[in-house]
Amino acid sequence: MEAATMAWTAAGVGMALVYWFVWVMGAAEVKGKRAVDLKMGSITNDKVKDKYTQYWSFFRRPKETATTEASAEKVPAFVDTFYNLVTDIYEWGWGQSFHFSPSLPGRSHREATRVHEERVADLLQAKPGQRLLDVGCGVGGPMRAIAAHSGSNVVGITINEYQVNRARAHNRKAGLDSRCEVVCGNFLSMPFSDASFDGAYSIEATCHAPRLQDVYGEVFRVLKPGGLYVSYEWVTTSLYRADNPEHVEAIHGIERGDALPGLRRQDEIASIAKEVGFEVLKELDLALPPALPWWTRLKMGRIAYWRNSLVVRVLTMLRIAPKGVCEVHEMLYETAQHLTRGGETGIFTPMHMVLLRKPVESK
Ligand SMILES: C=C(CC[C@@H](C)[C@H]1CC[C@H]2C3=CC[C@H]4[C@H](C)[C@@H](O)CC[C@]4(C)[C@H]3CC[C@]12C)C(C)C
Ligand SMILES: C[S@@+](CC[C@H](N)C(=O)[O-])C[C@H]1O[C@@H](n2cnc3c(N)ncnc32)[C@H](O)[C@@H]1O
């Protein structure tokens with residue numbers, strides 16, 4: 001073969017490979033967020049690396065972050081930065097629901113996710129026409145499932161403006177925008193009137209609060225007397241040993257890679273809820289057997305991770321994705337290992353469920 005023909009053939013094969021990795025394989029989990037559309041939220045391309053470095057140095061020592069008052073105050077701003085960095089990667093590689101769920105035999109991840117969300121609506125006994133609050137709503141995957149399942153109206157709050165825009169666009173596309181509303185704000189001080197919601201829920205979101213009392217107190221305030229609140233909490237279990245270096249490494253890894261100001265213990269949740277005035281109706285770790293592992297989906301994805309990191313590398317080289325995406329992707333890959341370790345050893349659960357009620361006689 002002539003040199004020129006060989007060069008053209010190689011170029012053709014190269015282009016086909018790029019097309020395959022980026023447009024075909026890069027379409028990952030959910031149609032609608034493709035690798036070529038990866039952005040870093042509202043951070044401009046030239047600021048991505050700096051923002052990532054700032055984030056990483058802030059969350060290097062998670063427990064200190066929660067305990068010193070000055071740095072606890074900065075947590076919501078850094079959580080906002082975190083979601084600017086990860087929201088598109090999450091949507092691309094996981095879907096529109098940013099949480100885990102127990103695997104269900106013979107059912108897809110998508111179905112298992114929906115069942116885990118509908119369980120919230122059922123626990124709340126949500127009814128058509130009721131007004132529910134989604135505390136830390138992400139891009140609204142759970143909100144749409146819960147509104148569709150129960151017929152209720154849902155108002156979501158998130159600290160991240162980029163997520164607000166994504167959630168509103170998804171709500172419109174799903175034809176649910178008349179029943180699903182999204183507000184940008186801090187769940188530690190919410191822009192809602194007292195006693196203005198029939199029910200509330202939070203799915204894997206309140207773990208970002210330095211003090212759980214603050215967010216539970218706000219939910220208590222905005223609920224009507226008699227209103228129910230369900231929360232899926234990220235916690236360490238009674239199997240966690242602070243003197244076991246492997247345990248400490250996994251838990252620190254989870255905290256650093258997920259913007260957490262220190263994980264709480266499982267046995268703290270109900271007492272904090274009571275402290276702010278709630279009645280505790282139910283408390284259960286939904287990850288306990290007979291539930292199947294929630295971390296299977298993270299483990300099964302090794303080939304997908306490899307493919308995804310290749311895709312982000314190629315896109316960064318071609319300057320389609322901003323510089324810094326590779327570092328963020330690498331951080332998430334490592335976080336996935338720590339989460340898996342936390343699940344396998346049983347020292348961590350992302351689904352400690354509490355069902356709470358604001359007493360009827362309270363104001
Ligand atoms: C509740 C929170 C988020 C939980 C999960 C939705 C996310 C935790 C870790 C994330 C991921 C890790 C590895 C990524 C992978 C390297 C990439 O190629 C594709 C996306 C991942 C699978 C990503 C997806 C979302 C998570 C599973 C926290 C923040 C409180
Ligand atoms: C892991 S995501 C879960 C999102 C959603 N519940 C779901 O399951 O898809 C956590 C969410 O909590 C929100 N969040 C964290 N801290 C917050 C704060 N102080 N005020 C409002 N939202 C916050 C984040 O912006 C994000 O939307």
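Numbering of ligands and ligand atoms starts at 1, following listing order. Quick note: numbers below take in every heavy atom, side chains included, and nothing from hydrogens, waters or symmetry partners.
- Inclusion of His329 in the set of residues having an N or O under 3.5 Å from an N or O of ligand 1 is warranted.
- If you number the atoms of ligand 2 from 1 as listed, the ones under 4.0 Å from a heavy atom of Ser97 come out as 9 (O).
- With a 4.0 Å heavy-atom cut-off, ligand 2 is reached by the backbone of Phe98 and by its side chain too.
- At least one side-chain heavy atom of Phe192 sits under 4.5 Å from a side-chain heavy atom of Val183.
- Remark: minimum distance from atom 26 (C) of ligand 1 to any protein heavy atom is reached at Tyr90 CE1, 4.1 Å.
- Atom CD of Glu275 is surrounded by more than 12 heavy atoms from other residues, nucleotides or ligands within 6.0 Å.
- Here the shortest heavy-atom distance to atom 22 (N) of ligand 2, taken over Val135, Leu188, Val183, Ile159, belongs to Ile159.
- Remark: among candidates Trp94, Trp92, Trp234, Phe100, the nearest residue to atom 28 (C) of ligand 1 is Trp234, based on non-hydrogen atoms.
- Screening Asn84, Ile89, Val86, Asp88 for a side chain to side chain contact (heavy atoms under 4.5 Å, CB included) involving Met40 leaves a single residue, Ile89.
- The 12-atom threshold is exceeded at NZ of Lys127, counting heavy atoms of other residues, nucleotides or ligands nearer than 6.0 Å.
- Between Leu212 and Ile269 there is a side-chain heavy-atom pair separated by less than 4.5 Å.
- For atom 29 (C) of ligand 1, the closest heavy atom belonging to the protein is Tyr83 OH, 3.3 Å.
- At a heavy-atom distance under 4.0 Å, only side-chain atoms of Cys207, from C-beta outward, approach ligand 1.
- A cation-pi arrangement is absent between Arg256 and Phe59 under the rule of less than 6.0 angstrom and at most 45 degrees off the ring axis.
- Contact annotation for atom 21 (C) of ligand 1: protein absent (non-hydrogen atoms, distance under 4.0 Å).
- Any N or O atom pair closer than 3.5 Å counts here, and Glu204 shares no such pair with ligand 2.
- Counting the atoms of ligand 1 from 1 in the order shown, those under 4.0 Å from a heavy atom of Tyr305 are 13 (C), 15 (C), 16 (C), 18 (O), 22 (C).
- Between Gly136 and ligand 2, at least one N/O pair is under 3.5 Å apart.
- The nearest protein atom to atom 12 (C) of ligand 1, hydrogens excluded, is given as Leu332 O, 3.5 Å; this is a heavy-atom distance.
- A ring-centre distance under 6.0 Å is found for Phe100 and Trp94.
- Remark: ligand 2 atoms within the under-4.0 Å shell around heavy atoms of Gly185 are 20 (N), 21 (C).
- Of the polar atoms of His99, none of the N or O atoms is found under 3.5 Å from an N or O of ligand 2, judged by distance alone.
- No path of Ile, Leu, Val, Met, Phe, Trp and Tyr side chains, each step under 4.5 Å between heavy atoms, connects Ile159 with Val222, placing them in separate hydrophobic clusters.
- For ligand 1, the atoms lying closer than 4.0 Å to a non-hydrogen atom of Glu204 are 1 (C), 30 (C).
- Among protein heavy atoms, atom 30 (C) of ligand 1 sits closest to His208 NE2, 3.6 Å.
- Using a 4.0 Å cut-off between heavy atoms, His208 contacts ligand 2 through its side chain alone, with no backbone atom that close.
- When non-hydrogen atoms are compared, ligand 2 lies under 4.0 Å from the backbone of Cys137 (N, CA, C, O) but not from its side chain.
- Evaluated by nearest non-hydrogen atom to atom 25 (O) of ligand 2, the leading choice among Thr158, Asp134, Val182 is Thr158.
- Sparse packing is recorded around CZ of Arg341, with 12 or fewer heavy atoms of other residues, nucleotides or ligands lying under 6.0 Å away.
- The shortest distance between side-chain heavy atoms of Val120 and Pro142 does not fall below 4.5 Å.
- Checked against Asp194 for a salt bridge (charged side-chain N to carboxylate O under 4.0 Å, His left out), the options Lys358, Lys224, Arg221 give a single hit: Arg221.
- Around atom 16 (N) of ligand 2, the closest heavy atom drawn from Phe82, Phe187, Trp234 belongs to Phe187.
- With a 4.0 Å cut-off on non-hydrogen atoms, Asn308 touches ligand 1 through its side chain and not its backbone.
- Across Tyr55, Tyr52, Tyr162, a single residue satisfies ring pair (Phe, Tyr, Trp, His ring centres under 6.0 Å) together with Phe82, and that is Tyr55.
- Residue contact check: Leu339 has heavy atoms under 4.0 Å from atoms 8 (C), 9 (C) of ligand 1.
- Between Tyr216 and Leu356 there is a side-chain heavy-atom pair separated by less than 4.5 Å.
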